[in-house]
Amino acid sequence: MTDSVEPDNGGNENNLEVVILDVKTGQANLSQLQQAIAKAINAGRVRFEVVRPETSKQEGARAYDKSSEEALPKKSYSIKDIQKTHPRAYEPWTKAEDERLRQRYKQGIVINDLAREFQRKPGGIRSRLKKLGLLQ
């Protein structure tokens with residue numbers, strides 16, 4: 001009896017496992033970013049999104065079959081929708097907010113708690129911390 005395996009798993013997610021692999025040699029350690037990624041994955045804070053930056057002129061030049069993407073959920077949102085749960089998302093940062101963010105981060109407050117406190121998305125908090133030179 002010969003087993004056959006479909007390379008794309010037949011589109012069935014039930015037996016699918018996604019692995020993010022980082023090859024290390026010797027005594028190499030994970031960077032802080034890699035450790036943060038591992039924690040986010042372990043906490044289930046991972047999502048799949050499809051981005052199509054092409055313009056309508058470029059769409060005719062595409063060589064792959066889009067039918068496999070039709071089963072993927074379409075994600076559409078607006079700033080107003082996001083601001084229902086994160087009222088300050090995409091709003092300009094004030095100098096006072098920057099200073100308070102610096103202080104709270106240095107106090108050891110985690111990103112998700114800062115996001116709730118500042119009424120912004122966690123990604124917005126990380127971006128601002130990077131801009132302030134507090135996060136790599």
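Heavy-atom basis, side chains included; hydrogens, waters and symmetry copies ignored. Fair warning: this is a prediction, and the values are worked out from it, not measured in the lab.
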Do [X] and [Y] have side-chain heavy atoms sitting under 4.5 Å apart?
X	Y	value
Lys95	Asp98	no
Arg88	Glu97	yes
Leu134	Leu101	no
Leu132	Tyr105	no
Gln136	Leu33	no

Identify the two heavy atoms, one from Ala115 and one from Pro122, that lie closest to each other, and give their separation to 0.1 Å.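 Scanning both residues, the minimum pair turns out to be CB-N, 3.8 Å.
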To the closest 0.5 Å, what do you measure between [atom1] ([X]) and [atom2] ([Y])?
X	Y	atom1	atom2	answer
Gln83	Arg120	CD	CZ	9.5 Å
Leu129	Leu114	CG	CG	6.5 Å
Lys84	Asp81	NZ	CG	4.5 Å
Leu135	Arg128	CG	CZ	13.5 Å

Measure from NZ or CZ of Arg100 to the centre of the six-membered ring of Phe118 and say whether it is under 6.0 Å with the direction within 45° of the ring axis.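 Geometry flag: set, cation within 6.0 Å and 45°.
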So, Gln119 versus Glu91: side-chain donor-acceptor pair below 3.5 Å or not?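 No donor-acceptor contact under 3.5 Å links the two side chains.
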Between Arg104 and Gln107, is any side-chain donor less than 3.5 angstrom from a side-chain acceptor?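 Result is yes, a qualifying pair exists.
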Has Gln103 got more than 12 heavy atoms of other residues, nucleotides or ligands less than 6.0 Å from its CD?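 Yes, because the 6.0 Å sphere around CD of Gln103 holds more than 12 heavy atoms from other groups.
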So if you build clusters from Ile, Leu, Val, Met, Phe, Trp, Tyr with side-chain heavy-atom gaps below 4.5 Å, do Ile111 and Ile82 land together?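 No, because Ile111 and Ile82 fall into different hydrophobic clusters, even though each may have its own neighbours under 4.5 Å.
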